[in-house]
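All values below come from the heavy atoms of this structure, side chains included, with hydrogens, waters and symmetry mates left out. Because the structure is predicted, anything quoted here is derived from the model rather than measured.
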Amino acid sequence: MGEAKRKAVLLAEGRKELERWGARPVEFKVDIAMAMQVVAALQLALRHPGFSKRHSATAVRTFVLEFRNSLPPEYKALRELVRLGNDPRMDVLSGEEGK
């Protein structure tokens with residue numbers, strides 16, 4: 001079986017698994033620092049013009065919102081940073097930090 005055929009079969013199997021198990025919750029543990037880095041990367045990905053118009057962008061926005069809502073109320077600064085990360089006006093170009 002050629003590489004292209006193997007990829008097609010894998011994608012088809014993946015779709016079937018998503019249809020079967022896609023609604024099951026996934027739980028895992030990471031520390032807050034790593035979670036914040038992943039959320040920041042997702043927020044950055046949403047800025048890409050080819051990504052923001054797609055269906056998966058809705059899932060990413062929902063994930064980020066759910067993450068923010070899962071933070072304890074006393075994590076006020078982190079909750080606000082996640083909120084601000086959704087605002088493109090808050091973007092800082094590389095080298096502009098601290099200006």
Side-chain angles (χ1 to χ4, degrees):
M1 180 183 307
E3 185 65 23
K5 179 69 173 172
R6 276 195 291 274
K7 288 180 182 179
V9 168
L10 180 60
L11 284 172
E13 290 173 357
R15 285 187 192 104
K16 287 178 187 176
E17 289 178 5
L18 280 173
E19 289 171 7
R20 183 174 178 187
W21 297 306
R24 288 186 180 182
V26 174
E27 295 183 23
F28 57 94
K29 292 184 181 185
V30 297
D31 59 47
I32 295 287
M34 180 182 288
M36 289 292 291
Q37 291 171 345
V38 170
V39 165
L42 290 171
Q43 289 172 321
L44 180 61
L46 286 170
R47 302 285 195 279
H48 190 282
F51 184 83
S52 63
K53 305 288 186 219
R54 296 180 185 197
H55 174 72
S56 59
T58 301
V60 170
R61 286 186 189 94
T62 301
F63 181 89
V64 170
L65 180 62
E66 290 297 321
F67 170 73
R68 181 178 181 271
N69 291 340
S70 75
L71 291 172
E74 60 269 18
Y75 291 23
K76 292 177 184 173
L78 294 179
R79 292 170 64 92
E80 181 64 3
L81 287 168
V82 172
R83 187 187 72 76
L84 291 173
N86 290 327
D87 185 349
R89 296 173 299 172
M90 299 303 296
D91 289 357
V92 176
L93 297 176
S94 181
E96 289 186 358
E97 297 87 359
K99 288 185 179 180

Asker: Would you be so kind as to tabulate the donor-acceptor pairs closer than 3.5 Å made by side chains of residues 27-39, with sequence neighbours excluded?
Answerer:
{"residue": "Asp31", "atom": "OD1", "partner": "Ala33", "partner atom": "N", "Å": "3.2"}
{"residue": "Asp31", "atom": "OD1", "partner": "Met34", "partner atom": "N", "Å": "2.7"}

Asker: Is there a chain of hydrophobic side chains (I, L, V, M, F, W, Y, each step under 4.5 Å between heavy atoms) that links Leu71 to Leu65?
Answerer: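 Looking at the clustering, Leu65 is in a separate group from Leu71.
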
Asker: Quick one: do Leu81 and Phe63 end up in the same hydrophobic cluster if we chain Ile, Leu, Val, Met, Phe, Trp and Tyr together by side-chain heavy atoms under 4.5 Å apart?
Answerer: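 They do share one cluster, since a chain of ILVMFWY contacts under 4.5 Å joins Leu81 to Phe63.
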
Asker: Got a sec, which residues hit side chain to side chain contact (heavy atoms under 4.5 Å, CB included) with Thr62, two or more places apart in sequence or on another chain?
Answerer: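 Testing Thr62 for side chain to side chain contact (heavy atoms under 4.5 Å, CB included), a comparison that skips the adjacent residues, returns Thr58, Glu66.
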
Asker: Which salt bridge (Lys or Arg N to Asp or Glu O under 4.0 Å) pairs, counting each pair once, include a residue from residues 69-82, with sequence neighbours left out?
Answerer: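 As it turns out, the salt bridge (Lys or Arg N to Asp or Glu O under 4.0 Å) pairs with a partner in residues 69-82, which skip direct neighbours, are Glu80-Arg83.
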
Asker: Which pairs with one or both residues in residues 1-24 pass salt bridge (Lys or Arg N to Asp or Glu O under 4.0 Å), sequence neighbours excluded?
Answerer: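 Applying salt bridge (Lys or Arg N to Asp or Glu O under 4.0 Å) to every pair that reaches into residues 1-24, excluding sequence neighbours, yields Glu3-Arg6.
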
Asker: So, using side chain to side chain contact (heavy atoms under 4.5 Å, CB included) as the criterion, who are the partners of Pro88 when residues are at least two apart?
Answerer: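 Residues passing side chain to side chain contact (heavy atoms under 4.5 Å, CB included) with Pro88: Arg47, Asp91.
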
Asker: Looking only at heavy atoms, which two atoms of Gln43 and Val82 are closest? And how far apart?
Answerer: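 It is NE2-O, 2.8 Å.
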
Asker: If hydrophobic residues (ILVMFWY) are linked whenever their side-chain heavy atoms come closer than 4.5 Å, directly or via other members, who joins Met90 in its cluster?
Answerer: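 Leu84, all in the cluster of Met90.
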
